[in-house]
Amino acid sequence: MTTDSLRLRQATAATDVEPALRRALVDCWVDVTNAGGAAGFPFPPIDAQHAAPALDAIVDGLGARTSRLLVALDGGRVAGWLNIRRDTLPLVAHWGTVHHVQTRPEARGRGIGGALMAAARRIARDEMGLEQLRLAVRGGAGLETFYGRFGWREVGRWPAALRLSPTDDRDEVLMLLNPL
């Protein structure tokens with residue numbers, strides 16, 4: 001697959017996420033987590049009973065100004081997705097946060113993550129009026145390098161903030177994309 005065959009779809013309201021899409025997003029989240037992806041559930045294995053309530057909270061919070069869901073579709077199948085959010089407090093309303101970036105394991109290495117990140121940047125800037133984006137990633141997974149290819153830079157770390165097991169503490173790496 002190339003990014004030419006990819007279609008990106010945006011949801012700005014809960015009504016934009018029909019039941020079939022919801023199931024596909026949950027399935028993607030389960031697949032990504034169980035393959036070791038750092039997408040919000042640090043202790044695999046998980047199943048739909050774990051992912052569905054978390055997805056429902058994201059979908060229920062969608063709003064054109066405050067929260068967008070961006071879905072990558074390949075031949076009608078969810079290949080990946082992410083969530084862009086902004087806080088409406090005036091002090092911080094100029095920046096947003098990217099959450100739950102994920103690409104199905106079998107679709108990795110084909111430009112889907114890059115297409116999602118490029119679209120997230122454009123949507124944040126042009127449609128949501130944001131000036132910068134932030135995200136936090138799990139250290140030790142090579143994610144800093146991935147995001148760095150798209151202009152993100154590391155701005156800080158919380159050392160050993162994430163405990164994956166009694167012998168595996170990871171840094172939480174704070175990243176910034178500015179300007180958009």
Side-chain angles (χ1 to χ4, degrees), residues 3 8 25 28-46 50-51 53-55 57-58 61-62 65-72 79-105 107-180:
T3 54
L8 298 177
L25 292 167
C28 181
W29 206 344
V30 168
D31 290 348
V32 167
T33 299
N34 290 341
F41 293 99
F43 305 110
I46 68 164
H50 296 97
L55 179 70
I58 293 168
L62 291 175
R65 180 163 152 57
T66 57
S67 182
R68 308 276 182 110
L69 184 67
L70 183 59
V71 181
W81 63 275
L82 60 77
N83 177 230
I84 309 166
R85 285 186 253 173
R86 90 158 356 116
D87 191 317
T88 57
L89 293 173
L91 187 63
V92 295
H94 64 288
W95 59 265
T97 308
V98 177
H99 297 272
H100 309 295
V101 179
Q102 48 193 284
T103 303
R104 281 193 181 278
R108 290 188 183 145
R110 298 190 232 164
I112 294 167
L116 283 167
M117 295 312 295
R121 181 181 206 158
R122 182 191 52 74
I123 289 165
R125 181 189 61 229
D126 298 345
E127 296 179 25
M128 296 177 78
L130 296 171
E131 296 173 23
Q132 59 180 267
L133 286 172
R134 299 175 183 190
L135 67 90
V137 300
R138 181 189 303 167
L143 297 171
E144 304 96 325
T145 301
F146 170 78
Y147 290 110
R149 289 194 307 256
F150 305 107
W152 292 80
R153 66 181 174 18
E154 181 178 330
V155 294
R157 284 181 180 252
W158 287 324
L162 306 171
R163 177 155 292 157
L164 302 182
S165 76
T167 59
D168 188 4
D169 288 349
R170 305 279 181 96
D171 293 352
E172 185 161 34
V173 182
L174 309 175
M175 300 196 76
L176 176 70
L177 183 61
N178 182 29
L180 294 181

Between Tyr147 and the options Val98, Leu177, Val101, the side chain to side chain contact (heavy atoms under 4.5 Å, CB included) test singles out Val101
For Val173 and Gly139, the nearest pair of non-hydrogen atoms, with its separation, is CG2-CA, 3.9 Å
Side chain to side chain donor-acceptor pair (under 3.5 Å) pairs touching residues 170-180, sequence neighbours excluded, are Arg157-Asp171, Asp168-Arg170
Value for CE (Met128) from CZ (Arg86), rounded to nearest 0.5 Å, stands at 5.5 Å
In a check of side chain to side chain contact (heavy atoms under 4.5 Å, CB included) between Arg68 and each of Asn83, Ile123, Leu82, which one passes?
Ile123
So do Arg138 and Leu164 actually touch side chain to side chain, heavy atoms under 4.5 Å?
yes
To the nearest 0.5 Å, tell me how far Ile84 CD1 sits from Leu130 CG.
8.0 Å
Which word best sums up how the rings of His100 and Trp81 line up, parallel for under 30°, tilted for 30 to 60°, or perpendicular for over 60°?
tilted
Can you find a heavy atom in the side chain of Val32 that is under 4.5 Å from one in the side chain of Pro105?
yes
Stepwise side-chain contact (heavy atoms from CB on, under 4.5 Å) test for Ile46 and Asn34:
CA-CA 7 Å; Ile46 68 164; Asn34 290 341; 3.8 Å; yes
Which atom pairs, donor and acceptor, lie under 3.5 Å between side-chain atoms of residues 111-122 and protein residues at least two apart or in another chain?
| from | atom 1 | to | atom 2 | distance (Å) |
| --- | --- | --- | --- | --- |
| Arg121 | NE | Leu180 | O | 3.4 |
| Arg121 | NH1 | Phe150 | O | 3.3 |
| Arg121 | NH2 | Pro179 | O | 3.0 |
| Arg122 | NH1 | Glu127 | OE2 | 3.0 |

Is any side-chain heavy atom of Leu176 closer than 4.5 Å to a side-chain heavy atom of Trp95?
no
